[in-house]
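Predicted model, so just to flag it, every value in this text is computed and none were measured. Letters A, B, ... mirror the listed sequences (proteins, then strands); counts begin at 1. These values consider heavy atoms only, across backbone and side chains, with no hydrogens, waters or symmetry-generated copies.
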Amino acid sequence: MSRIDFERKVLNNGLTVIAHSDPETPMAVVNVLYKVGARDEKHHRTGLAHLFEHLMFSGSSHVNNFDMALQQAGGNNNAFTNNDLTNYYDILPAANLETALWLEADRMHALNLSDKAIQTQRSVVMEEFKENYLNQPYGDISHLLRDMAFKTHPYRWPTIGYTLDHIEQTTEVELRNFYETYYQPGNAVLTVAGGKPIFELLDLAQRWFGDVPGKGLPEKQYIAENPQREPRRLEHQADVPVHAIYKVYHMPHRTDRAYYAADLLSDVLSSGTSARLQQQLVRQQPLFSSVNASISGSLDPGLFMVQGRLQEGVGLDDAEKALEEELAKLTQEPVSTHELEKVKNKVASGFAYNSLNLMNRAYSLAYFEMLGDADGLNREKEQYLALTANDLLEAARQILVPENSSTLIYKAKGKAA
Amino acid sequence: MMDFSTAPPIQNVTNVHLQQPEPFRLANGVPVYTMPGGTQPICQFDLVFPAGKWYESTRGTALFTAIMLTEGTKSFTSEALANELDYLGASLHCHSTSDFLQITAYALTQHVPKLLDLLKEVLFAPAFPQEELDLKKRIRLQKIQVNKQKVEFLASKAFFGHLFGSNHPYGYRLDEADVQGIDRDALLAHYHGSIARAPFFVVAAGQLPGNLETLLNNTLGPGNPDNIAWTPSPDYKEPQATPGRIFVPKEGAQQSALRIGRPLFNHLHPDHKPLMVLNTILGGYFGSRLMSNIREDKGFTYGISSSVHSYLQGGLFYISTEVGSSYQEAALKEITFELSRLQEEPVPKDELNLVRQYLLGNILGSIDGPLKSAAVIKELIATNQTTADFNEFIEALQNTDAHKLMELARQYLNPDDMVTVIAGDPNAQPE
């Protein structure tokens, strides 16, 4: 896989600019990553970061309509929020790069927060909440699991927010304070990428963002989660057609070496059809119709999650026992050479495939810069390839133990347990 | 200090160039379209067969045949095959659509010979093991049970069923009885009839190995001994769906799913290309009439869109959204308003220009590089089109004027011609 080359420049106002040139593409991407997410919220006002993301499209001092201005330039855009960050990206023909820079720079410091926009987006976000979390079977699992696993850390609530009330009651003052505090150049990473020479990308970024006023950086303090010492458990009944089981375990933070081991462990369990959970618990023992292991990927210590939906007629006790046995195996024996090579090969080809996409590269550069060094992106694959079976065994013994677990038994109403 | 008070000057997109494939034929006549290049050592292969729902004898057969191809072959069990692919970091997926069986396989260039060997196994020696089939049936049954809880699924099922007929290949959604009736013999018959000796084509994209032709002759050579040229069957008849309102109850639903639309022509019709432009204005992008009104102004929904679908043997237009239950009637009213507006007022010059530029920029991005371009080429060839048709669409986009669009709206977007399906809470319905 070829290296993703870039250059870095930190402007006087504190904004970090990463420039990446790709002469093969007619497109350009402007990616602005703000280092603010749901973990920066107060527990009585959750969903704020995500609601605010919606409001970033309300227009700014010199821009009547953000979307239209970008569309006129042949551009597309989107954004997302998670517990750690809020990311905005624009993709457009490289010839019109300055349009995107103008739009992003203007809304970074001169956003229009009108009553109408606040009212409407509140409503839109409440519909999003209903559509994805309330009106969907199993939609509330992230609320239930986080609440169980986290007692003090702000990962306790999902990005969408704890309840509809929190969103409904957010005030203009709260939104404005949020903007003033977190949306500033020193709290952001800007990637400019695409079909222009690197010196031009850097130069244009400097010209459009250089005069955005920089203020003091926000204070960030996240109450650490106390180590969990006992298994936790919740049984929940709902109007769903089949039972499901969810288990989450605390795992290390993003830049810890054991994070990579945990990631590979989740791959050993469920990356690809030949992986352990699929073969053992869906095919060999027909207990689950679908089963999956994943990691939350968060910056602070996050969660390793295993979940599965039971096949018709299967008892919850049997299914849970079988699932726990599979997890226990990882703490008892090292993975085989073949298995380790297999997951590493998948990771390697995944990196190559993801690098094809200009937007992925632009975002990844900003993300790794947030972690400390954009070049980390180019070292990431090696972090995985260097892991040994013993590393995975140690990580499993640290993570996949009952006293570190929170289990959600999701029962289908009207079905035998 | 940059001048923020005016937008930077914009260059209109004028040059949208779709990479031309470099075609050759295998010894047995199978056409291969190559799209070499790309910045990473990756290859992607797309194979397309006339083996979709249109060609099946019973409901669900095309789907399950596609699913079962990778569930075991003469030399590999399901697990062994999965293991081989995962070990290479490669991917091989068989996907059934209304008209086609699409097989997509990709791997790092160094693993292409091995990938093609596995592809050969899957294509020419599938075993259809009964045990694997039983498992897949059980899993699909569960998926259906979960889907039946979702208003979007219920609305979609009722809508397509009404538009094409619930026994029409384009009109049905699988139910439990269909899945339970899936029979190994029917799958084998579908495989032998529509895949094993069928005409197909290949699109190969990426940093292709130098001996690609040899590799493909050795692996995909055995297929298509009948050497039938690819021609979609021209037996299309536009279905007649009675306009009106259909309600599907879902107790306790917090949102209503709305599907509003009508049957239409397919891509062969001269109005198809300009209608796609009209559709974008109505509901095909974030700044569309529907989004601007129903989401951004009223806040009724998280998303609303409209689509023009073209199949080989039919087509349709429809609007799709999920709205808060209490907003249902107001949303329907606004949708009707937006349809009528397009019939009564020509699209303003600025808006038309914006949509043009937006679409051109979008298309430019969607053909950026050989792998993305390959997807476009694949669709063109499958529907018996060429890059000339792609260029014609670009021209239609640049030249269709507001009056032509208004004419099209009058002819095809009449609210009175629409079928409206609502899936939602029966207790939230108007008297």
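In B:Gln110, the CD atom is crowded: over 12 heavy atoms of neighbouring residues, nucleotides or ligands sit closer than 6.0 Å. More than 12 heavy atoms of other residues, nucleotides or ligands shown are found within 6.0 angstrom of NZ on B:Lys137.
Minimum heavy-atom separation, A:Lys130 to B:Gly324: NZ-CA, 4.4 Å. Across all their heavy atoms, B:Gly361 and A:Pro93 have their closest contact at CA-CG, 4.2 Å.
For the pair A:Lys116/B:Asp297, a side-chain contact is recorded, criterion being any heavy-atom separation below 4.5 Å from C-beta on. In this structure the side chain of B:Ser78 reaches within 4.5 angstrom of the side chain of A:Arg283, judged on heavy atoms. Under the 4.5 Å side-chain criterion, counting only non-hydrogen atoms from C-beta, A:Val282 is in contact with B:Ile139. Two residues are said to be in side-chain contact when any heavy atoms from C-beta on lie closer than 4.5 Å; A:Leu356 and B:Thr39 meet this criterion.
Of the possible polar contacts, none joining the B:Asn83 side chain to the A:Ser274 backbone as a donor-acceptor pair under 3.5 Å is found. Within the 3.5 Å criterion, the main-chain N or O of B:Pro8 finds no donor-acceptor partner in the side chain of A:Trp102. Distance alone, capped at 3.5 Å, is enough to place a donor-acceptor pair between the B:Gln142 side chain and the A:Leu310 backbone. A:Asn96 places a side-chain N or O within donor-acceptor distance of the main-chain N or O of B:Gln11, the cut-off being under 3.5 Å. Side chain of A:Asn135 to main chain of B:Ala253: no donor-acceptor pair is present (N/O by atom type, distance under 3.5 Å, no hydrogens or angles). In this structure, A:Asn345 contributes its side chain and B:Gly89 its backbone to no donor-acceptor pair below 3.5 Å.
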task: Any chance you could lay out the side-chain contact (heavy atoms from CB on, under 4.5 Å) test for A:Trp208 and B:Phe4, step after step, and finish with the verdict?
output: CA-CA 9 Å; A:Trp208 285 102; B:Phe4 275 78; 3.8 Å; yes
* For side-chain contact (heavy atoms from CB on, under 4.5 Å), just list the numbers for B:Thr6 and A:His62, CA-CA rounded to whole Å, side-chain angles, deciding distance to a tenth of an Å, and then say yes or no. => CA-CA 7 Å; B:Thr6 38; A:His62 302 98; over 6 Å; no
Go through B:Glu79 and A:Gln278 one step at a time and tell me if the side chain to side chain donor-acceptor pair (under 3.5 Å) criterion holds. CA-CA 10 Å; B:Glu79 179 170 5; A:Gln278 180 71 19; over 6 Å; no
- Show your reasoning for whether side-chain contact (heavy atoms from CB on, under 4.5 Å) applies to B:Gln254 and A:Gln136. CA-CA 10 Å; B:Gln254 303 217 18; A:Gln136 288 290 337; over 6 Å; no
Exercise. Show your working on salt bridge (charged side-chain N to carboxylate O under 4.0 Å, His left out) between B:Arg295 and A:Glu127 and close with a plain yes or no.
Key: CA-CA 10 Å; B:Arg295 173 175 147 150; A:Glu127 287 311 307; over 6 Å; no
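For chain B, the nearby parts of A:Glu341 are the backbone and the side chain; heavy atoms of each come within less than 4.5 Å. Neither the backbone nor the side chain of B:Leu360 comes within less than 4.5 Å of any heavy atom of chain A. Proximity to chain A (any heavy atom under 4.5 Å) is restricted, for B:Glu132, to the side chain, taken from C-beta onward. Only the side chain of A:Asn132 comes within less than 4.5 Å of a heavy atom in chain B; its backbone stays farther off.
The structure places OG of A:Ser349 at 7.5 Å from NE2 of B:His111, a figure rounded to the nearest 0.5 Å. Annotation: the span from A:Ser58 atom OG to B:Glu296 atom CD amounts to 8.5 Å, rounded to 0.5 Å. Residue A:Glu339 holds its CD atom at 12.0 Å from OH of B:Tyr87, rounded to the nearest 0.5 Å. Considering CD of A:Gln71 and OH of B:Tyr358, their distance stands at 6.5 Å, rounded to 0.5 Å. Here the CG-CG distance, from A:Leu92 to B:Leu364, works out to 10.0 Å after rounding to the nearest 0.5 Å. We find the CD-CD distance between A:Gln72 and B:Gln357 to be 6.5 Å, quoted to the nearest 0.5 Å.
Just one residue in the list A:Asp67, A:Asn76, A:Asn78 forms a side chain to side chain contact (heavy atoms under 4.5 Å, CB included) with B:Phe286, and that residue is A:Asp67.
Under 3.5 Å, the side chains of B:Gln44 and A:Tyr353 contain a donor-acceptor pair of N or O atoms.
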